Number of protein chains: 2
Amino acid sequence: MPTQQPAGLATHAFAQLRDAIIGGELAPGEPLYEIHLASQLGMSRTPIREALKLLAQDGYVELLPTRGYTVPKRSHDDIREFFELRAILEAGASRHAALRATDAEIAQLEKLSERYEREKNDEKWNQLGHEFHSLIIAAARNSRLATMLNSLNTQIVISRRSVARAADAGRRATAIRDHRAILDAIKARDDVRAEKLAGEHVWRSYETTLKSYSPDLFVSKKIR
Amino acid sequence: MPTQQPAGLATHAFAQLRDAIIGGELAPGEPLYEIHLASQLGMSRTPIREALKLLAQDGYVELLPTRGYTVPKRSHDDIREFFELRAILEAGASRHAALRATDAEIAQLEKLSERYEREKNDEKWNQLGHEFHSLIIAAARNSRLATMLNSLNTQIVISRRSVARAADAGRRATAIRDHRAILDAIKARDDVRAEKLAGEHVWRSYETTLKSYSPDLFVSKKIR
DNA sequence: CAGTTATTCTGTGTATACACAAAGGATACG
DNA sequence: CGTATCCTTTGTGTATACACAGAATAACTG
């Protein structure tokens, strides 16, 4: 039996709405009305309200003055901010992970990495990549950092959904090479290199995302 | 006339409670009851509830299973996480600020820095230091990063309040030297150096905070 | 017919009543 | 006197009713 600790309608509404937004069933720009959602989810306005307030604080929805909630549209500047932040945090996490990961964690990373390199199915491949990052984050031993990064990563997923991008072969090879390099740095306990590589890795994924988001506006920049 | 845009009792309650926690009027470990706070602030439970939920998400209060809210006690591990996170973010902000700050912003930083070095009053001196950091964060051009850092910084203030520390002469001199060095790096548009210096600066402030928090448990570590 | 003003309609903001679960203490029983 | 059970108390979780503000629309006027 899974963890059945808090329950609560508000929690349920939160998860339900968040997944709907991530899944793309609620498109950006779409208005969200408490009353409507309440009847739709079979509960009163109160728990819906709480869920929306929480979602708003995480950036999943936006509250217009007194006119209601909407799923926000992401501007190019928003995308940039997301990835900058993620690059900073992921780099920091990798640095700490290089110094703090247990041998068992490193072995697990190695295993994950091998499966990652072999996996053909796009969906599963993405999932494995996500697990790899999560494990590094866990090894960094900073719960607040972990919470932020996880929230940020799911939000970035939203941005990607909105452009229906493809995982072409080139991107795949690059990602695999990046992951391998980061793992090697962690195994060598080289925190400085792990930090640098993780930052560059995120930056590269930013470039591909941006490219598919709006090809004509894309300009290549030097990685630092 | 000041900005009178959102208003709302919930917003008011949020600010009121947050300031009470920061100010130390609500001590860590103290239980917070919706009903009590409601009558105390002259409003109903509803806006109080919202404020508490939001405060909980920011880490200002903690929600026990179904037994109510409390102001959380900070463990040494919490303090470490705070400062690690702040070091990572502040370093990243400084790096971007070095590349993006306008000449006007740099001039303003220069001015602030001079006042900072001269100011004798402890209270005002701290305030100026905070403004210095805020300006750098603003120059980094990342609103999400800014929001996180500001929230984090006020929470760190809480940890400090709880130990009533003194700004001794040594700490003051070190801080002034650090700020000057960071400013120089930004003026030189040297993002790598700015990043490194900002990280080290936060780390040093961690050491002093930890020292005053529990002198006997303090162990000096090498800065990286 | 255009521009201005009422009015209604739709949404959130707030207050309040009730449901329910858990902790603490009193009481009955061994 | 110790222990288990029941009851009361105290708190949050949820539902609902009302207040209020803004936008859209209808009506009115020149």
Side-chain angles (χ1 to χ4, degrees), chain A residues 1-21 25-73, chain B residues 1-21 25-73:
Chain A
M1 205 190 286
T3 53
Q4 184 95 22
Q5 20 204 14
L9 289 180
T11 312
H12 185 245
F14 180 92
Q16 195 97 355
L17 289 173
R18 187 202 44 179
D19 292 347
I21 295 170
E25 290 126 59
L26 296 173
E30 188 149 350
L32 300 179
Y33 301 123
E34 294 178 358
I35 312 174
H36 187 234
L37 293 172
S39 71
Q40 193 169 332
L41 292 183
M43 56 184 81
S44 91
R45 272 181 61 204
T46 310
I48 298 287
R49 230 184 125 60
E50 295 199 358
L52 284 173
K53 274 272 172 8
L54 263 9
L55 287 166
Q57 190 156 322
D58 277 0
Y60 287 103
V61 302
E62 213 171 43
L63 173 58
L64 305 179
T66 76
R67 204 53 191 162
Y69 295 82
T70 65
V71 182
K73 298 179 181 175
Chain B
M1 203 192 290
T3 54
Q4 185 93 22
Q5 17 204 15
L9 288 180
T11 311
H12 185 245
F14 180 92
Q16 196 97 356
L17 289 172
R18 187 202 45 184
D19 292 347
I21 295 170
E25 289 126 59
L26 296 173
E30 187 149 352
L32 298 179
Y33 302 124
E34 293 177 358
I35 312 174
H36 186 233
L37 293 173
S39 71
Q40 193 169 331
L41 292 183
M43 56 184 79
S44 92
R45 273 181 60 205
T46 310
I48 298 287
R49 230 183 127 59
E50 295 200 357
L52 284 173
K53 274 274 174 6
L54 262 10
L55 287 166
Q57 191 154 323
D58 277 359
Y60 288 103
V61 302
E62 213 171 43
L63 173 58
L64 306 179
T66 75
R67 204 50 190 165
Y69 295 82
T70 65
V71 181
K73 296 179 182 176

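Naming: A, B, ... by sequence-line order, numbering from 1 per chain. In this text, all values refer to a predicted model and were calculated from it rather than measured experimentally.
Remark: of the listed residues B:L17, B:V71, B:L63, B:V71 is the sole one forming a side chain to side chain contact (heavy atoms under 4.5 Å, CB included) with B:L32.
For the contact set between residues 52-63 of chain A and DNA chain D, defined by any heavy atom under 4.0 Å, there are no members.
Between the CG atom of B:L41 and the CD1 atom of B:I48 there is a distance of 4.5 Å, given to the nearest 0.5 Å. B:F14 contributes atom CZ, which lies 9.5 Å from atom CG of B:D19 (distance to the nearest 0.5 angstrom). Once rounded to the nearest 0.5 Å, the distance linking CG of B:L9 with CD of B:E50 reads 10.0 Å. To the nearest 0.5 Å, the span separating OH on A:Y69 from CG on A:L55 amounts to 9.5 Å. Atoms CG and OG1, from A:L64 and A:T70 in turn, are 4.5 Å apart once rounded to the nearest 0.5 Å. Interatomic distance, B:K53 NZ to A:K53 NZ, rounded to the nearest 0.5 Å: 12.0 Å.
Rounded to whole Å, atom P of D:dT10 lies 11 Å from atom OH of B:Y33. For B:L64 and C:dA23, the CG to P distance is 11 Å, given to the nearest whole Å. Rounded to whole Å, the distance from NE2 on B:H36 to P on D:dG11 is 10 Å.
Here the closest non-hydrogen pair linking A:A13 and A:P47 is CB-O, 4.5 Å.
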So which protein nitrogen or oxygen atoms get under 3.5 Å of nucleotides 14-21 of chain C's nitrogens or oxygens?
| from | atom 1 | to | atom 2 | distance (Å) |
| --- | --- | --- | --- | --- |
| C:dT14 | OP1 | B:L9 | N | 2.4 |
| C:dA15 | OP2 | B:S44 | N | 2.9 |
| C:dA15 | OP2 | B:S44 | OG | 2.9 |
| C:dA15 | N7 | B:T46 | OG1 | 2.7 |

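At the heavy-atom level, B:L32 lies under 4.0 Å from the strands shown only through sugar-phosphate atoms.
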